[in-house]
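What you see below is based on every heavy atom in this structure, not just the backbone, and it leaves out hydrogens, waters and symmetry mates.
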Amino acid sequence: MTPRTKEQNEEIRLRRLVQIRKAAADVFLDKGMALEIRDVAAQAGLGYGTVYHYYSNKGDLLHDVLWVAMERAGAWLGEQDGGHGGRLRAQVVRLLEEWADDHGLYLLYKLAGDGFRLLPEARAVPLADAFRREVLLPFAAALSGEPPSSGGAAPGRRPFGGSLPEELVRRAEMLLAALAGCASLSLRRGTLRQDAENIVQIVHLRSEKNDYFEIAERN
């Protein structure tokens with residue numbers, strides 16, 4: 001048998017990491033911090049030793065799940081759907097659909113709504129700071145009706161001008177926490193993608209200054 005190349009070994013390593021992190025997110029949603037490495041191995045269909053080779057403890061595993069999710073946490077805010085600045089309501093529906101497919105991303109938002117307090121402070125604080133920068137502030141800017149800048153931002157960032165009232169940032173935080181809470185049951189049932197529109201209507205998102213969160217008030 002021909003030995004694998006370095007490139008092939010690296011491809012296998014990366015594939016295994018994705019497989020393990022996906023399984024870890026699924027198990028965490030079911031068991032929380034009571035999850036064990038053996039639970040993740042069973043969910044991933046891998047041997048305990050294989051998973052342990054990559055992650056010897058659940059703290060490091062959860063840490064990686066959350067930071068990998070952070071890399072795409074604000075992507076939905078950059079997706080436009082016509083009109084000036086796009087319709088934020090459609091973007092929020094898209095976020096829920098992404099949660100349906102990516103439980104690690106949902107887990108990030110769910111834990112963010114609680115300030116990442118399940119994690120040690122040394123790990124919680126950087127995550128909270130990054131989430132505020134990548135998600136809360138851009139979302140608050142969108143709620144204020146401020147259109148996105150045409151350029152000049154680093155990749156993955158949504159720039160906006162000036163400072164935002166902290167009250168508006170808190171509103172953005174509460175809206176996202178409400179969405180995560182409403183999405184939990186549908187996520188467990190496997191119907192989140194189908195239920196996304198209804199969840200947005202239940203939360204009844206609105207904007208006082210624009211139609212980003214325009215909700216049709218009809219049955």
Side-chain angles (χ1 to χ4, degrees), residues 66-67 69-102 104-117 124-187 192-193 195-218:
L66 295 175
W67 276 110
M70 188 73 74
E71 294 175 1
R72 53 189 181 278
W76 60 282
L77 282 161
E79 297 176 0
Q80 302 303 320
D81 190 31
H84 178 63
R87 290 183 179 275
L88 193 52
R89 176 183 176 276
Q91 293 172 320
V92 171
V93 170
R94 176 57 184 158
L95 173 63
L96 268 63
E97 292 173 343
E98 289 182 3
W99 287 352
D101 299 331
D102 186 344
L105 185 62
Y106 172 78
L107 182 60
L108 174 69
Y109 276 77
K110 181 73 172 176
L111 295 184
D114 202 23
F116 298 102
R117 67 183 181 89
V125 171
L127 279 164
D129 288 345
F131 191 82
R132 178 182 173 89
R133 181 179 66 248
E134 300 294 338
V135 178
L136 285 181
L137 294 181
F139 186 39
L143 289 175
S144 75
E146 183 176 342
S149 170
S150 59
R157 300 284 182 84
R158 179 185 173 91
F160 46 87
S163 60
L164 293 165
E166 193 60 30
E167 180 181 351
L168 187 59
V169 178
R170 286 197 300 271
R171 181 187 176 204
E173 188 174 25
M174 287 187 290
L175 286 172
L176 290 175
L179 283 167
C182 288
S184 178
L185 180 60
S186 294
L187 190 70
L192 182 53
R193 178 171 286 276
D195 295 344
E197 289 276 358
N198 288 336
I199 289 171
V200 174
Q201 289 180 358
I202 289 170
V203 176
H204 208 69
L205 298 176
R206 289 183 178 275
S207 170
E208 296 176 356
K209 297 182 179 180
N210 53 49
D211 65 351
Y212 277 7
F213 282 86
E214 182 182 73
I215 304 293
E217 297 207 345
R218 57 178 182 271

(message) Do Tyr109 and Leu95 have side chains that approach each other closer than 4.5 Å (heavy atoms only, starting at C-beta)?
(response) yes
(request) To the nearest 0.5 Å, tell me how far Leu137 CG sits from Glu173 CD. (result) 10.5 Å
(request) For Val135 and Leu77, work out which heavy atoms get closest and say how close. (result) O-CD1, 3.8 Å
(request) Supply the atom-to-atom distance Leu192 CG to Ser184 OG, rounded to the nearest 0.5 angstrom. (result) 9.5 Å
(request) Kindly give the heavy-atom pair with the smallest separation between Asp114 and Arg117, and that separation in Å. (result) OD2-NE, 2.6 Å
(message) With side chain to side chain contact (heavy atoms under 4.5 Å, CB included) as the criterion, how do Leu96 and Asp195 come out once you've worked through the C-alpha distance, each side chain's angles and the decisive distance to 0.1 Å?
(response) CA-CA 9 Å; Leu96 268 63; Asp195 295 344; over 6 Å; no
(request) Compare every heavy atom of Ala124 with every heavy atom of Gly115, then report the nearest pair and how far apart it is. (result) O-CB, 4.3 Å
(request) Report the distance from atom CZ of Arg72 to atom CG of Leu105, rounding to the nearest 0.5 Å. (result) 6.0 Å
(message) Check this for me, if you would: do Glu166 and Arg170 make a salt bridge, where the nitrogen-to-carboxylate-oxygen distance has to be below 4.0 angstrom?
(response) no
(request) State, yes or no, whether a side-chain contact exists between Arg94 and Glu98 at a heavy-atom distance under 4.5 Å. (result) yes
(message) Is any side-chain heavy atom of Phe139 closer than 4.5 Å to one of Leu168?
(response) no
(request) Run the numbers on Tyr106 and Asp101 for side chain to side chain contact (heavy atoms under 4.5 Å, CB included), then give the verdict. (result) CA-CA 9 Å; Tyr106 172 78; Asp101 299 331; over 6 Å; no
(request) Give, for atom CG of Leu108 and atom CH2 of Trp99, the distance between the pair rounded to the nearest 0.5 Å. (result) 9.5 Å
(request) Please report the shortest heavy-atom distance between Leu164 and Ala140, naming the atom on each side. (result) CD1-CB, 3.9 Å
(request) Please name the pair of heavy atoms, one in Ala141 and one in Ser144, separated by the smallest distance, quoted to 0.1 Å. (result) O-OG, 2.6 Å
(request) Show the numbers, then the answer: is there a side chain to side chain contact (heavy atoms under 4.5 Å, CB included) between Val203 and Val92? (result) CA-CA 11 Å; Val203 176; Val92 171; over 6 Å; no
(request) For the pair Arg89 and Glu197, find out whether any cationic side-chain nitrogen is under 4.0 Å from an anionic carboxylate oxygen. (result) yes
(message) Give me the atom names and distance for the closest heavy-atom approach of Ala130 to Met70.
(response) CB-CE, 3.9 Å
